[in-house]
Protein chains: 4
Amino acid sequence: MAGVNKVILVGNLGSDPEVKYLEGDKAVAKLRLATTESYKDRNGNRIDQTEWHDLEMWDGQAKIAEQYLKKGSQIYVEGKIKTDSWQDEQGQNRYRTKIRVLSFTMLGGKPDGAGSNQPSNSQQAYSPKPAATSNTSGSSQDLVLDDSDDDLPF
Amino acid sequence: MAGVNKVILVGNLGSDPEVKYLEGDKAVAKLRLATTESYKDRNGNRIDQTEWHDLEMWDGQAKIAEQYLKKGSQIYVEGKIKTDSWQDEQGQNRYRTKIRVLSFTMLGGKPDGAGSNQPSNSQQAYSPKPAATSNTSGSSQDLVLDDSDDDLPF
Amino acid sequence: MAGVNKVILVGNLGSDPEVKYLEGDKAVAKLRLATTESYKDRNGNRIDQTEWHDLEMWDGQAKIAEQYLKKGSQIYVEGKIKTDSWQDEQGQNRYRTKIRVLSFTMLGGKPDGAGSNQPSNSQQAYSPKPAATSNTSGSSQDLVLDDSDDDLPF
Amino acid sequence: MAGVNKVILVGNLGSDPEVKYLEGDKAVAKLRLATTESYKDRNGNRIDQTEWHDLEMWDGQAKIAEQYLKKGSQIYVEGKIKTDSWQDEQGQNRYRTKIRVLSFTMLGGKPDGAGSNQPSNSQQAYSPKPAATSNTSGSSQDLVLDDSDDDLPF
DNA sequence: TTTT
DNA sequence: TTTT
């Protein structure tokens with residue numbers, strides 16, 4: 001019965017992360033990630049096919065995303081699929097699938113600036129590379145968790 | 001721009017595959033796969049959380065699924081995320097996400113029978129393990145396989 | 001600079017886990033895992049090609065392995081590649097690559113017995129499925145960790 | 001018995017690819033890839049731990065690597081583990097593990113040049129993005145690609 | 001031997 | 001809506 005539900009994505013953000021702060025030092029970030037596949041059709045024309053993914057990050061990860069990611073950023077993402085379902089006003093079943101991010105890594109060169117609200121001198125804040133990889137995390141000692149076998153609330 | 005869109009699942013089928021045959025030797029199978037995550041809540045109670053995934057397989061793969069998979073089968077799946085979107089009659093945007101399967105592997109012991117419509121002597125048809133792993137494959141103008149330095153697996 | 005080093009394996013154990021207990025509640029398990037790939041050669045003969053992997057698990061994970069895994073067990077493994085190198089007595093560089101396991105999941109039906117030293121009524125000990133999935137872990141509250149961004153000593 | 005043997009890496013090349021041309025349009029490329037993991041030790045000092053991987057690519061893939069990859073290139077790699085073993089002159093068993101690459105994707109911005117032997121105006125050769133993603137491919141009796149519902153990507 |  |  002124990003299962004595996006794993007997603008690996010490499011793509012670019014369609015816009016800056018949207019971060020909401022909740023009570024108790026909690027935060028959630030929503031991001032839209034494009035993964036583009038390129039192939040030739042039977043006439044030899046190159047076709048790009050883009051898939052858009054809704055990413056969700058929490059807490060320390062959300063804050064790192066806010067600080068370092070922005071529209072266009074290329075990232076590697078690991079996460080799991082979660083589908084929300086509900087009934088709409090017409091009583092119809094509705095579904096929405098998102099990727100709950102467990103860790104991500106920034107790709108490509110150094111960021112040329114930072115999150116959308118950041119002054120572009122945040123290069124320094126970026127230094128050492130504490131943000132280059134983020135795992136689902138929280139406490140200030142940089143505790144790293146993954147949410148498979150424990151009592152995390154998600 | 002080149003991206004990665006990869007899903008890895010291990011779970012059990014919620015029902016037998018539903019296979020439709022289309023014109024020209026094409027076939028498509030729909031499957032529902034449950035991946036269950038188990039964790040302890042803060043009171044130490046074990047909680048099972050199940051996520052259901054819509055899988056789609058085509059052609060040779062669909063036929064193998066029909067023949068060898070059934071309700072309860074445990075499989076390893078590799079695929080990619082595809083989200084269909086459309087407008088419903090109320091003009092609202094609707095979304096449905098599925099996993100386009102690129103390869104799968106049957107897990108656990110030998111199948112005790114076979115697909116739901118199969119005589120249970122299909123054990124023989126199963127022999128060696130021709131069905132144990134399936135890659136996306138099919139008609140010759142659409143040949144797509146994913147292995148490497150060898151002859152083709154089917 | 002942040003990188004990704006990820007291995008995903010599904011295979012069977014070639015023998016029972018070998019577990020060593022070290023000072024301070026530490027334990028390490030060595031396992032040999034076979035992943036077999038099946039293909040047809042150009043004469044249509046089915047060929048099985050088996051790759052053997054050296055797995056290493058630590059602490060809580062090692063103990064779970066000892067208790068529930070044995071020769072023949074089919075498991076799903078996630079981990080990372082680590083290559084040890086040293087000079088042998090002739091002054092030659094020697095290399096040995098192993099998989100540091102970060103999590104694993106038992107596949108197939110319930111185990112029919114248990115680790116090699118276990119009474120075969122361990123079915124009960126196995127109950128619900130507390131052991132079915134293991135992450136790199138430690139403390140008794142079932143704390144789950146992965147060792148990417150922290151100060152774990154391995 | 002069917003198994004899974006999958007490696008996913010993101011890292012940087014330690015040097016330009018070494019490509020050898022063999023008889024019959026065959027080619028093989030050797031690459032060294034560094035994956036670096038960053039963590040804080042218990043004193044809060046950031047530690048970088050680098051793992052080096054031997055990559056092997058064949059045929060079309062090797063040629064693309066020669067043309068577009070060079071020292072420092074950041075790539076995403078998918079492949080499988082292969083361990084060669086042999087006896088050395090002392091009759092000792094020797095082992096060497098490498099990653100047989102099945103597909104790779106260049107990460108980060110546009111290449112600023114090209115393979116080590118290429119004129120740096122190869123930007124044009126790079127155009128559209130024929131090299132951005134490569135799957136295992138090659139001679140017609142050994143055609144192996146890994147994508148899905150489309151025409152072939154090269 | 002890479003990268004930040 | 002990203003990227004090349």
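Residue numbering restarts at 1 for every chain, and letters A, B, ... go by the order of the sequence lines.
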Rounded to the nearest angstrom, tell me the gap between atom CG in Leu13(D) and atom C1' in dT2(E). 8 Å
Taking the basic N atoms (NZ, or NE/NH1/NH2) and the acidic carboxylate oxygens, is any pair closer than 4.0 Å for Lys82(C) and Glu56(C)? no
Length of the line joining Tyr76(A):OH and dT4(E):C1', which is rounded to integer Å: 19 Å
Under the side chain to side chain donor-acceptor pair (under 3.5 Å) test, residues paired with Asp84(C) that sit two or more places apart: Lys98(C)
For Thr83(A), all residues meeting side chain to side chain contact (heavy atoms under 4.5 Å, CB included), sequence neighbours excluded: Ile81(A), Tyr95(A), Thr97(A), Glu51(B)
Which whole-number value in Å describes the distance from Glu18(D) CD to dT2(E) P? 15 Å
So, does Asp59(D) use its side chain to make a donor-acceptor pair with the main chain of Ala27(D) at under 3.5 Å? yes
Which one, dT3(F), dT2(E), dT4(E), comes nearest to the side chain of Thr36(A)? dT3(F)
Let's test your reading of the model: under 3.5 Å, does the base of dT2(E) pair with the side chain of Thr50(D) as donor and acceptor? yes
Return the value, rounded to whole Å, for the distance between atom CG of Leu107(A) and atom P of dT3(E). 16 Å
Output the pairing pattern of DNA chain E as a dot-bracket string, 5' first, Watson-Crick or G-U wobble with both distances under 3.5 Å, | for cross-strand pairs, [ ] for crossing pairs. ....
Distance-only donor-acceptor test, Ser73(D) side-chain atoms vs dT2(E) base atoms, 3.5 Å: no
List in chain and number order the residues that pass salt bridge (charged side-chain N to carboxylate O under 4.0 Å, His left out) with Lys71(D), two or more places apart in sequence or in another chain; answer none if no residue qualifies. none
Between P on dT2(E) and CH2 on Trp52(D), what's the gap in Å once rounded to a whole number? 6 Å
Leu31(A) CG - dT2(F) P separation (whole Å): 15 Å
What is the separation between atom CD on Glu51(D) and atom P on dT2(E), rounded to the nearest whole Å? 16 Å
What pairs with Asp54(B) under side chain to side chain donor-acceptor pair (under 3.5 Å), at least two apart in sequence or on another chain? Arg32(B), Arg96(B)
Rounded distance (Å) that lies between atom P of dT4(F) and atom CG of Asp48(A): 12 Å
Any residue meeting salt bridge (charged side-chain N to carboxylate O under 4.0 Å, His left out) with Lys63(A), in chain and number order, not counting sequence neighbours: Asp25(A)
